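Inspection log for the structure reproduced underneath, given as structure tokens.
Given the structure is predicted, the values throughout are model-derived calculations rather than measurements. Hydrogens, waters and symmetry mates play no part in the numbers below; they use all other heavy atoms, side chains included. Order of appearance sets the numbers: ligands from 1, and atoms from 1 within every ligand.
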Amino acid sequence: MKRSTIPALLILSAATMAGCGEDSGGVIGSTAKNIELESMPGAAIARTECGNCHFFDKTVRKVGPSLKGIFGQAPRTKGIPVEVWNEVSLDAWIESPTGVHPETRMKIPGIKDAEKRALIVEYLKHI
Ligand code: HEC
């Protein structure tokens, strides 16, 4: 965790306790959620492995489509033979995109480390 986020976390947890959960939809709630997300182990891995080509927080395209909210959805890209993005299909996709769809423009060697893949998928589930 970055040093600068620690005081923010302390302030936020104090604010959350004081508010007794009333602020879950407010600014403090969403900031706390972002900090929580960014501290997931998969967040940093996803930034390194996928961040050059994908946004996680905005819905616009970078090199590839945004990954925000894709979990539980059908692929946006035509031709990917996947019904819904879930743990199984995402795991297979990031292990070998061309293995799932030989024509894909997502030409990466794939993430061979299963634990790393699981952390990335866990992160994608929450964004
Ligand atoms: C070199 C750039 C690049 C990298 C790195 C990359 N992708 Fe992609 N990704 C793409 C492109 C381009 C597409 C669109 C595929 C197509 O058009 O065939 C895509 C498509 C996808 C899709 C399909 C989304 C949809 O619903 O259509 C998912 C899911 C995805 N990428 C996940 C990831 C994840 C997770 C990582 C990191 C492990 C990653 N990508 C790394 C370029 C990349």
Revision key, fill the gap. Closest to atom 2 (C) of ligand 1 by heavy-atom distance, out of S66, G64, C53, G69, is C53

Practice item. For atom 22 (C) of ligand 1, find the nearest protein heavy atom and state the residue, atom name and distance (0.1 Å precision). Key: W93 NE1, 3.5 Å

Check your understanding: Going by the atom numbers of ligand 1, which of them fall below 4.0 Å from some non-hydrogen atom of I70?
Key -> 29 (C)

**Study point:** Candidate list T77, L90, V88, V100, test side chain to side chain contact (heavy atoms under 4.5 Å, CB included), partner V82, passing option
**Key:** V100

Point to revise | Steps toward salt bridge (charged side-chain N to carboxylate O under 4.0 Å, His left out) verdict (E122, K125) | key: CA-CA 5 Å; E122 186 59 25; K125 232 194 236 188; 3.5 Å; yes

Review point. Would you say the side-chain atoms of S89 pair up with the backbone N or O of V84, donor to acceptor, closer than 3.5 Å?
Key: yes

Exercise for review: Mind listing the closest non-hydrogen atom pair of A43 and Y123 along with its distance?
Suggested key: CB-CE1, 3.6 Å

Study note, to complete from the structure: Within 4.0 Å of some non-hydrogen atom of V63, the atoms of ligand 1 are 12 (C)

Revision key, fill the gap. Looking only at heavy atoms, the pair that brings I80 and W93 closest together is CD1-CH2, 3.7 Å

Practice item. Measure across K112 and E95 and return the closest heavy-atom pair with its distance rounded to 0.1 Å. Key: NZ-O, 2.8 Å

Exercise for review: Answer yes or no for V121: is there a heavy-atom contact with ligand 1 below 4.0 Å?
Suggested key: no

Review point. Which residue supplies the protein heavy atom nearest to atom 5 (C) of ligand 1, what is that atom called, and how far is it?
Key: E49 O, 3.4 Å

Practice item. Could you go through the salt bridge (charged side-chain N to carboxylate O under 4.0 Å, His left out) check for E38 and R47 one step at a time? Key: CA-CA 10 Å; E38 288 318 301; R47 252 196 316 275; 2.6 Å; yes

Review point. Which atoms of ligand 1 have any heavy atom of L90 under 4.0 Å away?
Key: 29 (C)

Study note, to complete from the structure: Between E87 and V121 the two heavy atoms that sit nearest each other are CA-CG1, 3.9 Å

Revision key, fill the gap. Heavy-atom closest pair (R76 atom, K68 atom, distance to 0.1 Å) is NH2-O, 3.6 Å

Check your understanding: I127 versus L37: any side-chain heavy-atom pair under 4.5 Å?
Key -> yes

Review point. Ligand 1 and W85, any nitrogen or oxygen pair closer than 3.5 angstrom?
Key: yes

Exercise for review: Please confirm if an N, O or S atom belonging to H54, backbone or side chain, lies less than 2.8 Å from atom 8 (Fe) of ligand 1.
Suggested key: yes

Check your understanding: Starting from atom 41 (C) of ligand 1, which protein heavy atom do you reach first, and at what distance in Å?
Key -> M106 CE, 3.5 Å

**Study point:** Atom indices of ligand 1 within 4.0 angstrom of T104 heavy atoms, with elements
**Key:** 15 (C), 16 (C), 18 (O)

Check your understanding: When you look for heavy atoms under 4.0 Å from ligand 1, do you find them on the side chain of N52, its backbone, both, or neither?
Key -> neither

Review point. Does K107 reach ligand 1 with a nitrogen or oxygen that is under 3.5 Å from one of the ligand's nitrogen or oxygen atoms?
Key: no

Review point. Considering only heavy atoms from C-beta outward, does the side chain of R61 approach that of S66 to under 4.5 Å?
Key: no

Practice item. Check P65 against ligand 1 and report side chain, backbone, both or neither, counting heavy atoms closer than 4.0 Å. Key: side chain

Exercise for review: Output the list of atoms in ligand 1 that are nearer than 4.0 Å to some heavy atom of C50, sorted by atom number.
Suggested key: 34 (C), 35 (C), 36 (C), 37 (C), 38 (C), 39 (C), 41 (C)

Revision key, fill the gap. The atoms of ligand 1 lying under 4.0 Å from a heavy atom of R76, numbered in the order shown, are 25 (C), 26 (O), 27 (O)

Practice item. Pull out every atom of ligand 1 sitting under 4.0 Å from any heavy atom of I94, numbered as shown with elements. Key: 34 (C), 35 (C), 38 (C)

Point to revise | Non-hydrogen atom of I108 closer than 4.0 Å to ligand 1 | key: yes

Review point. Which heavy atom of L119 sits nearest a heavy atom of P41, and at what distance?
Key: CD2-CG, 3.9 Å

Study note, to complete from the structure: Checking heavy atoms under 4.0 Å, the part of T77 that sits near ligand 1 is both

Check your understanding: What do you reckon, does R105 have a nitrogen or oxygen under 3.5 Å from a nitrogen or oxygen of ligand 1?
Key -> yes

